[in-house]
Amino acid sequence: MGPKVQPRRRGLRIAVWSLAAVLVVATGLVGVVLWQNSYDMDEQRVSIRHGGHTLNGVLATPKGGRERHGLVVYVHGDGPIDATHDDGYKPLWEANAKAGYASLSWDKPGVAGAPGDWLDQSMDDRADEAAAAIAWARARPDIDGDRIGLWGASQAGWVLPKVAARTPVSFVIAVSPAINWRRQGRYNLLAELRADGASAARTRAAIARSDTTRRLLKRHATFEQYVRARGGDADGMTADRWGFISKNYTADATRDLRALRGIPVLLTLAGHDINVDTADTERVYRKVLDVGGALTVKHYPDATHSLLKQSIERSDLKTTLTAVFSPRSLFADGFLDGQQQFLSGPVPAGGRGGGGTGGSGVRRGVVVRGRGRRCGVRRGRRGGRGR
């Protein structure tokens, strides 16, 4: 019996040590995740009254330091986005905090239990909402009302200048902003087709469908008429989304951008953006804003529309693993530092929309190219664009 017991004991010891090793590794991984997803700032939930309902927000402030902070107010892009953008904003908020700025964001209406429906909003509605949030912030003793600016991405390009026309802002950070809804939609459609390697016949058919949609929008067609025109195939469109597009498809930021003249503006553009025509965006921003000398343009050649590294975003697995284990590494090289540096300069107090004056500590009227490598493009989201 003795000789048979010895191997069993050895097997038990091996199993115990193997389990211990697994637990040590698991504990280490949990520690890495917790450390990488801890940010050097304080967060608090806040409630902002606007138009008879409440905006559910998050205010992130620098730890310790000065009693009053400047503030970056976040204006979301398209889609059902919550206050933290599923925690995706937190690396940016941390960069703001390092520059001495708080960050304010809120759930879109109908998202995360917030009242209302974001699909009922026009770009003017969204601007009114942001202006109300700024008014709320100015009344707080911990916010310096003369150092409040805007951060907005993509669809926010139609909202940012409208906000600046309603209330004084000291600066604007525009990330991949769109200019003209219809031009942007056509650019996105063709870029996706090219990325798919679509044939000439498929491209012609897609353009024809897009042209039909534009004609329907122009004559204020109902959702039912849209579906009938497509032979019963809604192609991912919903009645609510059709209503949102019908309300906003004529959006064009060109004239509204004049409200940003004289205000320091950081225009951030990606090298692999298949959602927004960055060349068109830069051309219009320069034409409208270069006169005041307060425009800075930053290019990130390795970035996608969302300013993530293209090499990561093209893989869902890489994106998920990086978000869990190293969320700051998701963003294009230099992007977070670039925003922190912009805020760290002597941004002027009391800049105003509609032709305000002032300058920024950043270099004005220049193009700064971020580091990065050139890769292939990844398809953007499809369906429901009304392009």
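The chain is numbered in sequence order, starting from 1.
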side-chain contact (heavy atoms from CB on, under 4.5 Å) evaluation trace for Arg68 with Ile143 = CA-CA 5 Å; Arg68 302 184 78 214; Ile143 298 298; 6.0 Å; no
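- At least one donor-acceptor pair closer than 3.5 Å links the side chain of Arg49 to the backbone N or O of Gly52.
- Asp277 and Arg183 are not joined by a salt bridge, as no carboxylate oxygen comes within less than 4.0 angstrom of a charged side-chain nitrogen.
- Side-chain atoms of Ile81 and Trp118, non-hydrogen and from C-beta on, never get closer than 4.5 Å to each other.
- Although no hydrogens or angles enter the test, the distance criterion places a donor-acceptor pair under 3.5 Å between the side chain of Thr281 and the main chain of Pro177.
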Going through the checks in order, is the side chain to side chain donor-acceptor pair (under 3.5 Å) test met by Asp252 and Thr254?
-> CA-CA 6 Å; Asp252 190 316; Thr254 305; 2.6 Å; yes
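- Between atom CG of residue Asn180 and atom CZ of residue Arg186 there is a gap of 11.5 Å, rounded to the nearest 0.5 Å.
- The aromatic rings of His50 and His53 sit perpendicular, their planes meeting at an angle over 60°, well past the 30° parallel limit.
- By the ring pair (Phe, Tyr, Trp, His ring centres under 6.0 Å) test, Tyr187 is found to be paired with no residue, residues two or more places apart in sequence or in another chain being considered.
- For Trp106, there are no ring pair (Phe, Tyr, Trp, His ring centres under 6.0 Å) partners at least two apart in sequence or on another chain.
- Here the shortest heavy-atom pairing between Arg166 and Asp124 reads NH2-OD1, 3.0 Å.
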Going through the distances and angles, do Arg209 and Thr212 end up as a side chain to side chain donor-acceptor pair (under 3.5 Å)?
-> CA-CA 5 Å; Arg209 287 192 297 270; Thr212 297; over 6 Å; no
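- One N or O on the side chain of Arg138 and one on the backbone of Gly145 form a donor-acceptor pair closer than 3.5 Å.
- Residues Ile207 and Leu190 have side chains in contact (heavy-atom distance under 4.5 Å, counting atoms from C-beta outward).
- Checked against ring pair (Phe, Tyr, Trp, His ring centres under 6.0 Å), His305 has no partners two or more places apart in sequence or in another chain.
- Of all the heavy atoms in Ala95 and Gln340, the pair that sits closest is O-CG, 3.5 Å.
- For residues 104-118, the salt bridge (charged side-chain N to carboxylate O under 4.0 Å, His left out) pairs, not counting sequence neighbours, are Arg45-Asp107.
- Criterion: ILVMFWY side-chain heavy atoms under 4.5 Å apart, direct or through other members. Under it, Val72 and Leu307 are part of a common hydrophobic cluster.
- The backbone N or O of Ile245 sits nowhere less than 3.5 Å from a side-chain atom of Trp181 that would complete a donor-acceptor pair.
- Taking the six-membered ring for Trp and thresholds of 30 and 60 degrees, His76 and Tyr89 have nearly parallel ring planes, at less than 30 degrees apart.
- No side-chain N or O of Asp273 forms a donor-acceptor pair with one of Thr278 less than 3.5 Å apart.
- Glu129 has its side chain within reach of Pro109: a pair of non-hydrogen atoms, C-beta onward, lies under 4.5 Å apart.
- Distance alone, capped at 3.5 Å, places no donor-acceptor pair between the Asp86 side chain and the Gly88 backbone.
- Judged by distance alone, with hydrogens and angles left aside, the side-chain atoms of Gln184 form a donor-acceptor pair with the main-chain N or O of Asn275 at under 3.5 Å.
- Distance alone, capped at 3.5 Å, places no donor-acceptor pair between the Thr61 side chain and the Ala102 backbone.
- Between the side chain of Ser326 and the main chain of Thr322, no donor-acceptor pair closer than 3.5 Å is present.
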Kindly determine whether Leu71 and Leu59 satisfy side-chain contact (heavy atoms from CB on, under 4.5 Å), including the steps that lead there.
-> CA-CA 9 Å; Leu71 179 67; Leu59 180 66; 3.9 Å; yes
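- Inter-residue side-chain proximity for Pro80 and Val111 is flagged as met; some heavy-atom pair is nearer than 4.5 Å.
- Judged as a ring pair (Phe, Tyr, Trp, His ring centres under 6.0 Å), and not counting sequence neighbours, Trp136 has no contacts.
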In sequence, state the C-alpha distance, the side-chain angles, and the governing distance for Trp151 and Leu92, and then conclude on side-chain contact (heavy atoms from CB on, under 4.5 Å).
-> CA-CA 10 Å; Trp151 184 101; Leu92 283 76; 3.4 Å; yes
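- Contact detail for Gly100 and His69: the closest heavy-atom pair is O-CB, 3.7 Å.
- Taking CG of Leu336 as the start and CD of Gln341 as the end, the distance is 11.0 Å to the nearest 0.5 Å.
- The shortest side-chain heavy-atom distance between Tyr226 and Ser246 does not fall under the 4.5 Å cut-off.
- In terms of heavy-atom proximity, Asp82 sits nearest to Ala112 at CB-CB, 4.4 Å.
- For the pairing with Thr304, the side chain to side chain donor-acceptor pair (under 3.5 Å) check across His272, Lys309, Glu313, Arg314 returns one residue only, Glu313.
- No donor-acceptor pair under 3.5 Å is formed between the side chain of Ser210 and the backbone N or O of Ala206.
- Across all their heavy atoms, Ala253 and Trp158 have their closest contact at N-CD1, 3.7 Å.
- When side chains are defined from C-beta on, Glu43 counts as touching Lys90, because their heavy atoms get closer than 4.5 Å.
- Taken from CG in Leu317 to CD1 in Ile312, the straight-line distance is 11.5 Å, to the nearest 0.5 Å.
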Determine, step by step, whether Val75 and Gln155 satisfy the side-chain contact (heavy atoms from CB on, under 4.5 Å) criterion, reporting the C-alpha distance in whole Å, the side-chain angles of both residues, the deciding distance to 0.1 Å, and the verdict.
-> CA-CA 9 Å; Val75 181; Gln155 188 184 99; over 6 Å; no
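- Side-chain contact between Asp290 and Tyr285 is absent, with no heavy-atom pair separated by less than 4.5 Å.
- Between the side chain of Asp302 and the backbone N or O of Ser311, no donor-acceptor pair lies under 3.5 Å.
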Go through the steps for Arg219 and Gln225 under the test side chain to side chain donor-acceptor pair (under 3.5 Å), then give the verdict.
-> CA-CA 11 Å; Arg219 69 171 195 249; Gln225 290 171 325; 5.5 Å; no
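- Looking at residues two or more places apart in sequence or on another chain, you find a side-chain contact (heavy atoms from CB on, under 4.5 Å) between Ser199 and Ala201, Arg202.
- The two residues Ala259 and Pro161 make their nearest non-hydrogen contact at CB-O, 3.6 Å.
- Taking CG of Leu160 as the reference point, atom NZ of Lys162 lies at 11.5 Å (rounded to 0.5 Å).
- Between the side chains of Ser122 and Asp125, at least one donor N or O lies within less than 3.5 Å of an accepting N or O.
- Considering OG1 of Thr296 and CG of Leu267, their distance stands at 9.5 Å, rounded to 0.5 Å.
- Side-chain contact between Asn56 and Pro115 is present, with heavy atoms from C-beta onward closer than 4.5 Å.
- To the nearest 0.5 Å, the span separating CG on Asn96 from OH on Tyr101 amounts to 9.5 Å.
- Residues Leu269 and Val276 do not share a hydrophobic cluster, defined by chaining ILVMFWY side chains whose heavy atoms lie under 4.5 Å apart.
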